[in-house]
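Labels below follow one simple rule: chain letters A, B, ... track the order of the sequence lines, proteins then strands, and each chain is numbered from 1.
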There are 2 protein chains.
Amino acid sequence: MATTQLEPVQEPKYWHLKTVLQEALDSEFSVGEILPNERDLAARFGVARATLRQALEQLELEGRLQRRRGVGTTVAPPRMGIAVGTTGASEGAWPGSGSESWRTVGCAEAVPPAAVAAVLGTGTDELVHTVRRVRMMQGQSVATELIFVPSGSVPALPALLTPAAHAPAVLRELHAMALESEDRAVELGSARAEDAKQLDRLPGAPVLVVTTRYRTGQGVAAVSVATYRADTCRLTFGETGTVQISHHEQEERREAS
Amino acid sequence: MATTQLEPVQEPKYWHLKTVLQEALDSEFSVGEILPNERDLAARFGVARATLRQALEQLELEGRLQRRRGVGTTVAPPRMGIAVGTTGASEGAWPGSGSESWRTVGCAEAVPPAAVAAVLGTGTDELVHTVRRVRMMQGQSVATELIFVPSGSVPALPALLTPAAHAPAVLRELHAMALESEDRAVELGSARAEDAKQLDRLPGAPVLVVTTRYRTGQGVAAVSVATYRADTCRLTFGETGTVQISHHEQEERREAS
DNA sequence: GAGTGGTCTAGACCACCAG
DNA sequence: TGGTGGTCTAGACCACTCA
């Protein structure tokens, strides 16, 4: 990466800078390589550090870079394709029944947020079983999830359970039921403090929030809210999984009339 | 919204500020209302404008605010639920066959990006039909899309077509085939210049990129890359559509052990 | 303790929109 | 033309990691 002079343009500097860096990443760097530090880079391009950071932030958002305080900025590997939804069978499955590697980190009875309670049809002060899980992928945690299960959905659940036995028991009861359908929504969010910690990110990091509604003949039996790292994850839906296209490989896409 | 003093905390100022503003939005503002300008707000909270902007950016990312240069900052309506994928039938459908309101804005024969060509199985220099569409919702454009269709997928397509007849003809030929399956991936991206323009956003705005692979018995017949505004859209998958939970209504979620 | 990225400041000027 | 958000600067200090 030469000491590139930015030619004068009527395009924001940070945008042009991003393009230049993008090209450098494609041609001169390999995955895992460490970039020069921000002060040096800024000096090299003749811009203020804040301006350089604006470009780096964009590239991190797009999954091209990874920055860690006290360490440095490295070239990120391509995003992982992560199966969400119909993970094997054709008609969906209860959480915890697939081959995905989730790790349960807690379970409690708690009052869910109002919006969740509304979908579940529970009272605004009604306690529901709340299972907290973390999804691992290639040795990293890529998602956290809260599964909300009203007591009414699992009537056969034993009354007294040790904390360790609580989550498995709730999921076991769920699996015993006939899942009629599930539907999902995906939206952009920012990581809340506790999620950020488990995802090894700073609070406010961009995440993809996947909300799933599990339905049986009796109505909505459970709701889950899963929070995926947006920088490292590409969520895949349907059939055998992996759509091969990674978004950042489309930079040189030709314009269609 | 009172002239709130930020009590000294060991939390980043912009993060705390975001929380304070979030609460104010919930309690004291209604959709469409105009906030005080950035210089006034910053003064009121006793922070620099850049710090205030960091908080506003987060809130805009989460779909709570809408900012427009030369106009001001307004309170955004809740995100629209936008159906993606199985829009009616159970097994997917070709683009252009559902009830969604897409508007075709162009069609050309062009060389697709390498990643798309790889999935289509076309040569790296092979021209493919490239349909460009815009999706409208409640009077706004919420998405742009490029549909890539290799000539081999539509052998009966007439050779000479006027530009206006090109796109409809390509889609008509597609619809005549038996769609075997489709699979999708969703990831975070940032709007390229031309997309940003059509979405009425600035370049670099966060978008949800949906890549769909359409398969027939002969293999991958078409690939589409759709770019949705991440600030205003919640993508819904499966059944009758609308999951009711809007992410930003979950602020007061209780912690599960 | 040296070096990294993260936060914050107090300015300045620019591009855009509306009256 | 006045007011808005968007860009940019040149500093400062903090939190974190690692040798």
Side-chain angles (χ1 to χ4, degrees), chain A residues 6 8-19 21 32-61 64-76 190-191 193 196-197 200-206 231, chain B residues 6 8-19 21 32-61 64-76 190-191 193 196-197 200-206 231:
Chain A
L6 299 165
V9 283
Q10 213 47 13
E11 193 181 29
K13 277 190 189 176
Y14 77 91
W15 185 259
H16 185 232
L17 199 46
K18 178 194 156 192
T19 309
L21 289 169
E33 203 167 335
I34 306 177
L35 266 61
N37 72 53
E38 297 184 349
R39 290 161 180 89
D40 284 354
L41 273 181
R44 252 195 250 204
F45 288 104
V47 299
R49 192 177 155 218
T51 303
L52 174 81
R53 280 179 59 81
Q54 227 176 322
L56 294 183
E57 265 149 38
Q58 284 254 357
L59 290 171
E60 192 180 28
L61 193 82
R64 303 292 313 263
L65 293 179
Q66 192 162 351
R67 299 194 286 172
R68 270 175 306 170
R69 169 155 51 182
V71 179
T73 301
T74 57
V75 180
S190 52
K197 201 173 169 187
D200 191 28
R201 302 259 60 202
L202 293 176
D231 55 344
Chain B
L6 299 165
V9 283
Q10 212 48 13
E11 195 180 29
K13 278 189 188 176
Y14 78 92
W15 185 260
H16 185 233
L17 198 47
K18 178 195 155 192
T19 308
L21 288 169
E33 202 166 339
I34 306 178
L35 266 64
N37 72 52
E38 298 183 346
R39 290 161 180 87
D40 285 354
L41 273 181
R44 253 195 248 204
F45 288 106
V47 300
R49 190 177 156 221
T51 304
L52 174 81
R53 278 179 61 80
Q54 226 176 325
L56 294 183
E57 264 150 38
Q58 284 254 358
L59 291 170
E60 193 180 26
L61 193 81
R64 303 291 314 261
L65 294 179
Q66 192 161 353
R67 299 193 286 172
R68 270 175 306 171
R69 169 153 52 177
V71 180
T73 302
T74 58
V75 180
S190 52
K197 200 173 170 188
D200 192 29
R201 303 259 58 202
L202 292 175
D231 55 343

Worksheet item: Taking only N and O in the side chain of A:N37, is any of them less than 4.0 Å away from OP1 or OP2 of C:dT4?
Response: yes
Discussion item. How would you summarise protein contacts on nucleotides 9-19 of chain C per nucleotide, using B for base, S for sugar-phosphate only and - for none, with heavy-atom distances below 4.0 Å?
Written reply: B--BB-BBB--
Item to complete: Give the rounded distance in Å between these two atoms: CZ of A:R53 and P of C:dC8.
Response: 12 Å
Fill in: Any B:R67 side-chain nitrogen or oxygen under 4.0 Å from OP1 or OP2 of D:dG6
yes
Item to complete: Please step through salt bridge (charged side-chain N to carboxylate O under 4.0 Å, His left out) for the pair A:R201 and A:E60, ending with a clear verdict.
Response: CA-CA 12 Å; A:R201 302 259 60 202; A:E60 192 180 28; 3.4 Å; yes
Worksheet item: Rounding to a whole Å, what distance do you find between B:E11:CD and D:dC14:C1'?
Response: 16 Å
Practice prompt. Would you name the heavy atoms of B:S190 and A:K18 that are closest together and state the gap between them?
Written response: OG-NZ, 3.4 Å
Practice prompt. Nearest whole angstrom, please: distance from the C1' of D:dG5 to the CD of B:Q66.
Written response: 13 Å
Response to the item:
A:I34 CD1 to D:dT17 P, in whole Å, measures 16 Å
Worksheet item: OP1 or OP2 of D:dT7 less than 4.0 angstrom from a side-chain nitrogen or oxygen of A:Y14, does that happen here?
Response: yes
Item to complete: Please state whether the phosphate of C:dG5, meaning OP1 or OP2, lies under 4.0 angstrom from any side-chain nitrogen or oxygen of A:T73.
Response: yes
Worksheet entry | Rounded distance (Å) that lies between atom C1' of D:dG5 and atom CG of B:L59 | 16 Å
Practice prompt. Considering non-hydrogen atoms only, spot the tightest contact between A:A55 and A:Y14 and give its length.
Written response: CB-O, 3.5 Å
Worksheet, complete the sentence: Whichever of A:R68 and A:Q54 has the more 5' nearest nucleotide on DNA chain D, that residue is A:Q54
Worksheet, complete the sentence: Here the distance between atom C1' of C:dG3 and atom CG of A:L35, to the nearest Å, is 16 Å
